[in-house]
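Just below is one structure, and these are the notes that go with it.
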Number of protein chains: 2
Amino acid sequence: MNLGLLCFIAYRAMEVEVMKAVAEAGFDDLTVAQGRLAARIGPEGTRLTELAEQAQVTKQTAGFLVDQLERAGYVTRTPDPADARARLVRMAPRGEAVVAVARQAEARVEAEWTRHLGKRGTAQLRAALTSLREITDPYA
Amino acid sequence: MNLGLLCFIAYRAMEVEVMKAVAEAGFDDLTVAQGRLAARIGPEGTRLTELAEQAQVTKQTAGFLVDQLERAGYVTRTPDPADARARLVRMAPRGEAVVAVARQAEARVEAEWTRHLGKRGTAQLRAALTSLREITDPYA
DNA sequence: TAATATTGGTAAGAGAGGCTGACTAAGTCA
DNA sequence: TGACTTAGTCAGCCTCTCTTACCAATATTA
C-alpha cells in the first residue's frame, strides 16, 4: 500500500483521539483547523504571517482562525513591540489549558502505539519520519 | 515532535506531489476530496455507501463527490444487479487514465523517499505503518 | 530625504467540502 | 401483511480556504 496513505491513516487516528479528548475535557468548541494553527504559537507569541506560513495557509485564513480562537478565549492579540504593524498572537490561560489536555492525549496515543510496535520499532518510526522531513517539509 | 504530526507532514508532501502530477497530465479539474473517494473504487465497481464508509464521510458527501466525478467523466454509475436500490460506481476510461498517472507519481515519490532513507529504512517505515493500521484503521 | 518597494494585516466575496435532518424506494423478516 | 432496515437523494447549513483588493508601517534607495 502507498506510503502516503499509510501516513494519513496514522495521522488521522491521532487527530481523532486528540480532538476527542479535548472535546471531552469541555473544550467542545475547538475545531481541527483552529488546533492546527494554534499548535504553532510559540511561548513568546507568534505573528499572524508566521503562523500562516508554518501552517501552510494564506494569512487571510490564519486571520480568520485566530479571530475565532480569540473570540473563544483561547488566544489574545497584543502589539508587537518590534513592529507597529504587527501583532503577536499569544496563548491565553484557556489556551494553555487545552494545550495541556492535547499534549496528554498525544502522549497517551503514542504510548499505545509503542505498546503495539515496541520501543525499538517506535523509535525507528520516529527517526524515519523525522528524517523524511528534510525532503518533505519546507518549514523543517 | 508528535508522531501524528510527523505522519501528517509526510502524507501531505505525497498528496501535493501526486496532485501536481495529475494536474500537469491535464487532469486539472480533479480535487483532493474526489481523488480520495475515487481511490476506493474497486475493479468491479463499488457502492456509494461503501465508498462513504471507507473514506469516512457521510453518504451525502460521497454522493456529491461522485456526482462531480461522473460529470467530469471519471466514473460511471451502473445498476447493481444484486440490488435494485443500489448502483455501482465504476471507473470510466478517463478515470483509469488518471489512476495510472497517480500511481506513477506515487512510485516516483516513494523512490525519492527510499533514496533518502535507504531500502532498509523504507521497509521498516512501511512495516511500522502497516502494523499500526491494526489499531488505527477501522477499515483495515 | 523623498519616492518606492516590501511587509503585516484586514475586508469582502466566492467556492469546495463537509454535516444533519427528512425523505423515497427497495429489500428483509416476523 | 406490516414493521424494520438499507441505498440513495434532496435541501439547507456551517467551516475552511482561496483570490482580489486594500491600508498602514517599515525598509530601501535614488
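By the 4.5 Å heavy-atom criterion applied to side chains, B:Leu88 and B:Glu44 are not counted as neighbours.
Checking A:Ala82 against A:Gln68, the closest nucleotide of DNA chain D that is more toward the 5' end is the one next to A:Gln68.
B:Ala25 is linked by a side chain to side chain contact (heavy atoms under 4.5 Å, CB included) to B:Phe27, B:Val101, counting only residues two or more places apart in sequence or in another chain. Partners of B:Arg40 by salt bridge (Lys or Arg N to Asp or Glu O under 4.0 Å), not counting sequence neighbours: none found. Partners of B:Leu48 by side chain to side chain contact (heavy atoms under 4.5 Å, CB included), not counting sequence neighbours, listed by chain and number: B:Ala62, B:Val66. Residues satisfying the side chain to side chain contact (heavy atoms under 4.5 Å, CB included) criterion with A:Thr58, sequence neighbours excluded, are A:Gln60, A:Thr61. With sequence neighbours excluded, no residue forms a salt bridge (Lys or Arg N to Asp or Glu O under 4.0 Å) with B:Arg115.
Heavy-atom minimum distance, A:Gln34 versus A:Asp29: OE1-O, 3.7 Å. Heavy-atom minimum distance, B:Pro79 versus B:Pro81: O-CD, 3.3 Å. For the pair B:Leu117 and A:Ala128, the tightest heavy-atom approach, listed with the atom from each and the gap, is CD2-O, 3.6 Å.
Applying a 4.0 Å cut-off to non-hydrogen atoms, the residues of residues 31-41 of chain B that approach DNA chain C are B:Thr31, B:Ala33, listed by residue number. Near-neighbour residues of DNA chain D inside residues 6-20 of chain A, defined by a heavy atom below 4.0 Å, are absent.
Read 5' to 3', the first and last nucleotides of DNA chain C with an atom closer than 4.0 Å to a heavy atom of chain A are C:dT7 to C:dA11.
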Once base and sugar-phosphate atoms are separated, protein heavy atoms under 4.0 Å mark nucleotides 8-14 of chain D, 5' to 3', with B, S and - as BBB----
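Within the nucleic acid shown, A:Asp83 comes within 4.0 Å of sugar-phosphate atoms alone, with no base atom in reach, counting heavy atoms only.
Test A:Thr130, A:Leu125, A:Thr136, A:Asp137 against B:Leu6 for side-chain contact (heavy atoms from CB on, under 4.5 Å) and you get one pass: A:Thr130.
The side chain of A:Thr61 places an N or O atom within less than 4.0 Å of a non-bridging phosphate oxygen (OP1 or OP2) of D:dC18.
Annotation: ring pair (Phe, Tyr, Trp, His ring centres under 6.0 Å) contacts involving residues 40-84 of chain B, sequence neighbours excluded, are absent. Residue pairs meeting the salt bridge (charged side-chain N to carboxylate O under 4.0 Å, His left out) criterion with at least one member in residues 119-132 of chain B, sequence neighbours excluded, are B:Glu110-B:Arg126.
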Scan the side chains in residues 12-20 of chain A for donor-acceptor partners under 3.5 Å anywhere in the protein, sequence neighbours excluded, and list what turns up.
residue: A:Glu15; atom: OE1; partner: A:Tyr11; partner atom: OH; Å: 3.4
residue: A:Glu15; atom: OE2; partner: A:Tyr11; partner atom: OH; Å: 2.2
residue: A:Glu15; atom: OE2; partner: A:Arg36; partner atom: NH1; Å: 3.1

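For the pair A:Leu65 CG and D:dT15 P, the computed distance is 12 Å after rounding to whole Å.
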